[in-house]
Amino acid sequence: MSKFVKVATTDEMANQLAKHLAMDGEKIALFKVGGAFYALSDTCTHRGGPLSEGDVEGTEVTCPWHGAKFDLRTGAVLGPPAQTGVKVYPVKVTGRDIEIEI
Amino acid sequence: MKSTKYLLIGGGLASSQAAKQLRAHDGRGAITLVGEEPYVPYDRPPLSKEFLRGEKRGDELFFDPEQYFHDQDIGLVLGVAVQRLNLDDKTAILANGEAMRFEKALIATGGRPVRLKLPGGDLPGVHYLRTLDDSDAIATEAAQGKRAVLIGAGFIGMEVAASLTQRGVRVTVIEAQPHIWARFADATLAGFFQDYCTQKGVTFHTAEMVTEIRGHDRPSSVVTRSGKELPCDLVCIGVGIVPNVELAHAAGLKVDNGVVVNEYLQASHPDIYAAGDVANYQDPVFAKRRRVEHWGHAEYCGQLAGQNMAGANNTYDLVTYVWSDIFDLHLEFAGDETEHDQVLFRGRFENRSFTVLYLKRHILTAYFAVNASSKEFPILQHLIRHKRDLAGRELQLQDPTYALKGLL
Ligand SMILES: Cc1cc2nc3c(=O)[nH]c(=O)nc-3n(C[C@H](O)[C@H](O)[C@H](O)COP(=O)(O)OP(=O)(O)OC[C@H]3O[C@@H](n4cnc5c(N)ncnc54)[C@H](O)[C@@H]3O)c2cc1C
């Protein structure tokens, strides 16, 4: 069963645009764009690169390893070499707590 | 006689990527993929890593399930080699005797391991590693406490050394050159890795060669040039590959260290293309002919060939790269290391996180990153591609706290 789990606080993300989260077995990347938070798998579907270390432009992240691009909102592929999207996780902000549904 | 619009020869990464692009750009043209191995196209890198360590099963390596090919209407002929190509009437003769007419064909036959001619080299228990079956055979013998001798310390050899060690096998690596990775690493970098692997339990004999494998029905020891006899239970040989060019050569196509192709990946006959490990292509970044044996290049070439076979006119434009996993070290390597007159270190070996930069006449030609911040890779690739003059920037390049963005 999925549930919302607290993963960070808005204070923590004040000076940060991305954060890597290790949640029992799953690697998740948390991004902040403007005031919004997005969570997606931190493992690129191409060759496993860490999306949380990638460059973000608007709501597009570029994998630092080989340049695959994904939409932060949907996880969809926006550019090669990846061919399949990454999983996205619903995010909820309650007060200062950032929660992810896993 | 059977016929197909597009014939894809070889059932590896390049062919499978070509099939996808062909289907995307030509919804109806008949596509037929003929592969000598009995499997749908699968991923080779895990054969020396996750699969060999027992962390992935064979069926997890297939890029797509067989159903996918049905759904996409891509014909599969597996377990059958293409034996002959006749370019005059554009037919292929398969090993099962069938003939197939085609309009355009892709040669993506990859490569095969270089075989060492050694006494005892044909004993069961002497392995090479290229296919799923090869890796399966090694994994079956790689039980806890066994002793393995690995001949050749290239990328794959070192990965096998790490994976077998992680399975509890006692590994000895024998390398003819004075240090491991002789093809792309200098002595300092290689020394770091050698020390690291030694700490993890791997034994090295460098500047040393195996002259004989001894044993009755299986290897029991290897004998070296300097006269050592090292007991062992299995032997793995990884001394490089040769491209599978025989088919192309016999068909009269131009072959020179691979099937020679132009920037569109067209061979010397305009309806024949080649991609991946077997292709000898013109690299626009380094302005010279290269044959590259890396996954990303095969993937890229397969896509490019597929697009062009379907009528596009796209040209090759990739900064080639390769990765490797050795114990807990992740390596990312890009560019052409053979082109350098200067080597700079960014970060320190001791921290196990650093990038080695290769420059030629102050232009970055390659980098070799070990557990390094991957944020810098796109910038480094940009510097390579656009040939930025980095004269006078040496101190900044060597300072890991300096933000490389400033060099763009
Ligand atoms: C153990 C291992 C680990 C690797 N690890 C990495 C890595 O970490 N990173 C990296 O970048 N690269 C790695 N590589 C290299 C990468 O896998 C290759 O570059 C890539 O597979 C090349 O793809 P290809 O399609 O050109 O050829 P292949 O994958 O070799 O496929 C060619 C296929 O064609 C078939 N064939 C040959 N002749 C014929 C014929 N006449 N008719 C029909 N079929 C034929 C062959 O049987 C084979 O199945 C590794 C390779 C190996 C073996």
Side-chain angles (χ1 to χ4, degrees), chain A residues 8 12-13 15-33 38-72 75-87, chain B residues 13-14 16-17 19-21 23-24 43-46 49-50 55-56 63-64 68 72 294-304 306-307 314 317-325 330-334 353 355 367 369 371-382 385 403-405 408:
Chain A
E12 241 181 289
M13 295 298 288
N15 299 315
Q16 227 176 328
L17 294 177
K19 185 180 158 99
H20 167 81
L21 311 166
M23 317 278 302
D24 34 66
E26 280 175 85
K27 292 178 183 168
I28 300 177
L30 178 69
F31 292 95
K32 184 173 80 173
V33 180
Y38 303 97
L40 43 162
S41 161
D42 201 9
T43 307
C44 179
T45 54
H46 177 237
R47 284 306 342 177
L51 297 180
S52 58
E53 293 184 22
D55 268 347
V56 176
E57 267 189 68
T59 50
E60 177 178 308
V61 62
T62 303
C63 178
W65 282 8
H66 313 121
K69 294 185 196 314
F70 299 93
D71 190 322
L72 292 181
V77 186
L78 298 177
Q83 294 190 340
T84 45
V86 290
K87 186 173 170 187
Chain B
L13 172 62
S16 97
Q17 290 292 330
K20 290 182 185 212
Q21 290 296 317
R23 192 40 89 227
D43 204 19
R44 290 185 204 281
K49 311 177 184 74
E50 297 89 338
E55 296 162 9
K56 267 192 181 170
F63 294 122
D64 301 285
Y68 171 87
Q72 295 292 314
H294 302 327
W295 195 96
H297 165 80
E299 176 192 45
Y300 178 89
C301 277
Q303 294 176 359
L304 187 65
Q307 291 156 9
N314 299 330
D317 177 31
L318 176 78
V319 175
T320 56
Y321 65 85
V322 59
W323 72 94
S324 186
D325 290 302
H330 179 79
L331 286 60
E332 285 282 332
F333 186 96
S353 167
T355 303
Y367 66 84
N371 286 4
S373 163
S374 56
K375 275 189 189 311
E376 297 187 336
F377 301 166
I379 305 170
L380 293 171
Q381 284 172 26
H382 187 97
R385 182 188 292 282
L404 290 179
K405 274 210 160 102
L408 289 179

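Proteins come first, then strands; the chains are lettered A, B, ... in the order of their sequence lines, and each starts at number 1. Everything quoted here is computed from the prediction, not taken from an experiment.
- Closest heavy-atom contact between A/Gly54 and B/Lys375: O-NZ, 4.4 Å.
- B/Ser374 and A/Pro50 make their closest contact through OG-CG, 3.6 Å (heavy atoms, listed as atom of the first residue, atom of the second, distance).
- From B/Gln381, atom CD reaches atom NE2 of A/His66 across 7.5 Å, with rounding to the nearest 0.5 Å.
- With a 4.5 angstrom heavy-atom cutoff, B/Gln303 touches chain A only via side-chain atoms.
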**From CA spacing to verdict: ring pair (Phe, Tyr, Trp, His ring centres under 6.0 Å), A/Trp65, B/His330** = CA-CA 11 Å; A/Trp65 282 8; B/His330 179 79; 4.0 Å; yes

**Request:** Take A/Arg47 and B/Asp43 through the side-chain contact (heavy atoms from CB on, under 4.5 Å) test and state the conclusion after the steps.
**Result:** CA-CA 11 Å; A/Arg47 284 306 342 177; B/Asp43 204 19; 2.9 Å; yes

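- Note: B/Glu299 CD to A/Gln83 CD = 6.5 Å, rounded to the nearest 0.5 Å.
- Proximity to chain B is absent for every atom of A/Thr84, based on heavy atoms less than 4.5 angstrom apart.
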